[in-house]
Protein chains: 2
Amino acid sequence: MAVRDALTSDRVVDAALALADAHGLEALTMRRLGAALGVEAMSLYRHVASKDALLDALGDALVAFWIAPAAEVGTPPETATPPAAGSPTPGGTTTEAWRTAIATIMHRAHRELLSRPWAIELLASRPHVGPARLRYAEEITAALLDAGFSTQLAHHGLHIVDGTIMGFSAQEARRPSAEAMGSGVQRLWDGELAAEFPAISRTIRERHDHGEEYTLMVDLVLDGLARLRDGERPPRTAPSAPYPQLIG
Amino acid sequence: MAVRDALTSDRVVDAALALADAHGLEALTMRRLGAALGVEAMSLYRHVASKDALLDALGDALVAFWIAPAAEVGTPPETATPPAAGSPTPGGTTTEAWRTAIATIMHRAHRELLSRPWAIELLASRPHVGPARLRYAEEITAALLDAGFSTQLAHHGLHIVDGTIMGFSAQEARRPSAEAMGSGVQRLWDGELAAEFPAISRTIRERHDHGEEYTLMVDLVLDGLARLRDGERPPRTAPSAPYPQLIG
DNA sequence: ACCTGAACACCGTTCAAGT
DNA sequence: ACCTGAACACCGTTCAAGT
């Protein structure tokens, strides 16, 4: 009983998020989700087309955390007069506004992704583009266009920023479980594999700040984008050969 | 009957790869895999601890395609004398050797990942680090150390390169299905959402070469790493505020 | 209109039984 | 030693039936 007023699809997604937070993504089954809502599993299908659709909605709900809740704030969609690029930020520094804007999104997304161990797995397996992901893409693209990027380069920039967020977070999320597991990583750490893998054996014991490493990557990407905008192409590094001489 | 000689764990993994290639990752069930090998599902458990272990092995088999088959080639683990950084490549250009080496891996990994629509999903959901992933990490780290990167920076560099490969490929793999699906992307393309999402509406119709975009990202990352090695820190871009003024 | 019970066609995995 | 059959405890989803 308790609070059972009118099941809505939003309430279903909220409950799914809570269930995944509590017991992991594999515990998110229609039967358990129904139970959590005090209802049979089959009742959920009145509010959600399928489990796939539910997971898509859940993924988009995660992306919603990355962006400012503009719909709530009440700022009209006024993009007529972009702020001049290079204008000083409220803080008084002279960092270009677009860099601050995109760095903010990148750090927030990273933080949100790492706050839920199951978040990256879900998003990586769901190609769905919902309203939140559109808003997220819009914010990044708008920041780039306003900063004088060409439409072509802004398009590339969105993909580069998006790829950086997802890829770096995924790689970082992989770390703790790899260390926890008895996989090769543990034996590396113990120095067992120093002969076979000398380079990673040397570097793996480094103490390093994860947050600092992501900041490094964010700055590297934003700096690279700024250089591209300013016409400064990095030296083109051609791969030596698409493939080694494999048989077949 | 046909070829049924001695089921081995390698044969099981090979069959799993073929099955996923033919019918997708969701078709890879123990029952169907057994049938493909002319055997009952339960027989597989003699060669594979669990389905999870099988998926881990399959993921590592994918990573093996990214690296040169050194075990076969017969090059001894001779890392005593690193080639001098900045030496001319066989092609006659003066690109530093480490950039060519890492760019080669990045392009090969990207190509392999995109050749199997299910590859990124599998790798993103499997934190397991197997022998192939260790070799892959070793090759990248060794290239960086040989090129004069500090152990600290080589460690960061590995994570940055790995994150770039996975993130960019995932983002790219998402594109076709997003366009195929009736999600917001199609309506964007039709110009329906131009008012709500002006920036992405402007950029989305760009014709652009996907391979070229990845090359751009690879060069951006390698150039950024080179600058870090040479002590040239990009301007630190602090996010404006960790979080917007949210209630609660 | 909304929820349910029973059922269908699947899963991964265990375990005693076969050869 | 290696493979199997039946079974267990689950899945997502359909559908006629309840209120």
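Reminder, nothing fancy here: chain letters follow the sequence lines and each chain counts from 1.
- Under 4.0 angstrom from either OP1 or OP2 of D:dT4 there lies at least one side-chain N or O belonging to B:Ser43.
- Consecutive pairing runs in DNA chain D reach the stem threshold at C:4-8 with D:12-16, C:12-16 with D:4-8, where a stem means at least three Watson-Crick or G-U wobble pairs with distances under 3.5 Å.
- In this entry the distance linking CD of A:Glu40 with P of D:dT19 reads 14 Å, nearest Å.
- For the atom pair CG of B:Leu122 and OG of A:Ser125, the computed distance is 11.5 Å after rounding to the nearest 0.5 Å.
- At least one side-chain heavy atom of B:Glu112 sits under 4.5 Å from a side-chain heavy atom of B:Ser115.
- With D:dG5, C:dG12, C:dC3 as the candidates, the nucleotide lying closest to the side chain of A:Arg46 is C:dC3.
- As a whole-Å value, the separation of B:Leu55 CG from C:dC11 P is 14 Å.
- Under the 3.5 Å distance criterion, with hydrogens and angles disregarded, no donor-acceptor pair is assigned to the side chains of A:Glu212 and B:His156.
- Across the protein-nucleic acid pair, A:Lys51 atom NZ and D:dT13 atom P stand 8 Å apart, rounded to whole Å.
- Side-chain contact of A:His159 with B:Glu213: a donor-acceptor pair under 3.5 Å is present, judged by distance alone.
- By the side-chain contact (heavy atoms from CB on, under 4.5 Å) test, B:Ala124 pairs with A:Ala124, sequence neighbours left out.
- No more than 12 heavy atoms of other residues, nucleotides or ligands sit less than 6.0 Å from atom CZ of B:Arg202.
- When the P atom of D:dC11 is taken as reference, atom CG of A:Leu25 falls 13 Å away, rounded to whole Å.
- Near-neighbour residues of DNA chain D inside residues 29-36 of chain B, defined by a heavy atom below 4.0 Å, number-ordered: B:Arg31.
- Looking at B:Arg116 and B:Leu17, their side chains come closer than 4.5 Å, going by heavy atoms from C-beta outward.
- For B:Tyr45, whose side chain is taken as the heavy atoms from C-beta onward, the closest listed nucleotide among C:dG5, D:dA6, C:dG12 is C:dG12.
- With distances taken from any side-chain atom of B:His47 to the nucleotides C:dT13, D:dT13, D:dC3, the minimum falls on D:dC3.
- As a whole-Å value, the separation of B:His23 NE2 from C:dC10 C1' is 17 Å.
- Rounding to the nearest 0.5 angstrom, the gap separating the OH atom in A:Tyr136 from the CD1 atom in B:Ile200 is 11.5 Å.
- Regarding A:Asp52, its CG atom lies at a distance of 7 Å from the P atom of D:dT13, rounded to whole Å.
- Counting to the nearest Å, the C1' atom of D:dG12 and the CG atom of A:Leu54 are 12 Å from each other.
- D:dG12 atom P lies 15 Å from atom CD of B:Glu26, rounded to whole Å.
- Note on ring orientation: taking the six-membered ring where Trp is involved, the planes of A:Tyr214 and A:His110 are parallel (angle under 30°, cut-offs 30° and 60°).
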